[in-house]
Amino acid sequence: MAGAAPIAAEWLARDPIDVAPVLLGKVLVVGERAVRLVEVEAYAGERDPGSHAWRGVTPRTRVMFGPPGHLYVYRSYGIHWCANVVCERDGVAGAVLLRAGAPLRGIDAMRAARGDVRDRDLCNGPGKLCQALGLDGSFDGADVTGADPRIRLLDDGTSPNDDPVVSTRVGLSRGVDLPWRFHVHGDPNVSRPSGRGGTIVG
DNA sequence: AAGAGGATGGCCT
DNA sequence: GGCCATCCTCTTC
């Protein structure tokens with residue numbers, strides 16, 4: 001992990017559709033636990049009918065309209081937490097949903113949080129990822145670029161995203177045809193093999 | 001003030 | 001593959 005550098009907020013201040021595939025392989029560190037991101041989805045704010053930000057600012061989506069480099073955490077189905085990295089400049093909504101990760105460190109803590117499941121099932125879904133890492137509503141708005149001691153998003157220089165797979169996003173009722181899901185080809189920690197139209201873009 | 005529905009996951013068959 | 005738990009947010013009346 002030597003040489004790992006924090007992701008800079010300026011680097012995230014652009015279109016989440018461009019940011020998302022490059023986030024594959026980056027490392028999310030929460031306390032003693034860490035994962036390498038293997039599956040993400042782009043949500044393009046007010047121009048994306050699938051985004052929570054589609055209808056404009058609300059108390060829930062406020063963070064997504066704020067500066068890049070913060071975490072947008074929301075409750076899903078009243079049960080799970082899901083986490084996004086906010087993109088675009090301050091005032092413009094955009095985010096990348098973190099859907100799955102490969103456990104790197106703190107696997108015992110993840111097992112304790114997730115119960116008796118196979119290791120590949122620890123972080124293979126947005127709700128599972130948050131549960132494994134201990135992410136909840138208290139992380140909504142948290143800075144992942146270094147200002148918040150609890151959490152950090154790092155680039156450790158490895159590039160397992162040489163052949164990301166592009167497909168449609170999962171679980172939506174609007175914007176279902178947009179090819180804005182990206183995952184690492186063949187990674188066992190991906191939530192599902194592919195959405196519709198999965199194609200490898202070397 | 002009330003109701004519908006959701007960027008899911010776990011357990012069932 | 002289907003069902004449903006569980007609750008918050010947003011929309012509408």
inquiry  = Please evaluate residues A:Tyr72 and A:Asp140 with respect to the criterion side-chain contact (heavy atoms from CB on, under 4.5 Å), reporting the C-alpha separation (whole Å), side-chain torsions for both, the decisive distance (0.1 Å), and the verdict.
reply    = CA-CA 5 Å; A:Tyr72 166 50; A:Asp140 189 36; 3.7 Å; yes

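- For the pair A:Arg118 CZ and B:dC11 P, the interatomic distance rounds to 13 Å; values are reported in whole Å.
- When the C1' atom of B:dG9 is taken as reference, atom CD of A:Glu39 falls 14 Å away, rounded to whole Å.
- Centroid-to-centroid, the aromatic rings of A:His52 and A:Tyr74 come within less than 6.0 Å.
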request  = Would you please test A:Arg174 and A:Ser51 for side chain to side chain donor-acceptor pair (under 3.5 Å) and show each step?
outcome  = CA-CA 9 Å; A:Arg174 293 186 301 257; A:Ser51 173; over 6 Å; no

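- Judged by ring centres under 5.5 Å apart and planes tilted less than 30 degrees, A:Tyr77 fails to stack against the six-membered base ring of C:dA5.
- Distances were taken from every side-chain heavy atom of A:Ser76 (C-beta onward) to each of B:dA7, B:dT8, B:dG9; the shortest belongs to B:dT8.
- Nearest to the side chain of A:Tyr74, among B:dT8, C:dT11, B:dA7, sits B:dA7.
- Between A:Ser173 and B:dG6 there is a side-chain polar atom (N or O) within less than 4.0 angstrom of OP1 or OP2.
- As a whole-Å value, the separation of A:Leu129 CG from B:dA7 P is 17 Å.
- Among the atoms of the strands shown, base atoms are found under 4.0 Å from some heavy atom of A:Ile79.
- Atom-to-atom, CG of A:Leu98 to P of B:dA7 comes out at 16 Å; the value is rounded to the nearest Å.
- Separating the CG atom of A:Leu172 from the P atom of B:dG5 is a distance of 16 Å, rounded to the nearest angstrom.
- Picking from C:dT9, C:dT11, B:dA7 the nucleotide with the shortest atom distance to the side chain of A:Arg55 gives C:dT11.
- Across all strands shown, A:Gly127 has heavy atoms under 4.0 Å from sugar-phosphate atoms exclusively, and none from any base.
- For B:dA7, the OP1/OP2 oxygens have no side-chain nitrogen or oxygen of A:Arg181 closer than 4.0 Å.
- A:Arg174 comes within contact range of no nucleotide atom at all, as no heavy-atom separation falls under 4.0 Å.
- Both A:Arg114 and A:Gly78 lie close to DNA chain B; mapped to their nearest nucleotides by heavy-atom distance, the more 5′-ward contact belongs to A:Gly78.
- Pairing for B:dA2 is with C:dT11, a Watson-Crick or G-U wobble pair whose two hydrogen-bonding atom distances lie under 3.5 Å.
- A close approach under 4.0 Å does not occur between any side-chain nitrogen or oxygen of A:Arg75 and OP1 or OP2 of B:dA7.
- Within a 6.0 Å radius of CZ in A:Arg150, more than 12 heavy atoms belonging to other residues, nucleotides or ligands are found.
- Once the 5.5 Å centre distance and the 30° plane angle are applied, the aromatic ring of A:Tyr43 is found stacked with the base of B:dA7.
- If you measure from atom CG of A:Leu135 to atom C1' of B:dT8, you get 16 Å, rounded to the nearest angstrom.
- Using N1 to N3 plus N6-O4 or O6-N4 for Watson-Crick, or N1-O2 and O6-N3 for G-U wobble, each under 3.5 Å, B:dA7 pairs with nothing.
- Nucleotide B:dA7 holds its C1' atom 15 Å from the CG atom of A:Asp140, rounded to whole Å.
- Between A:His52 and B:dA7, a side-chain N or O to OP1/OP2 separation shorter than 4.0 Å is present.
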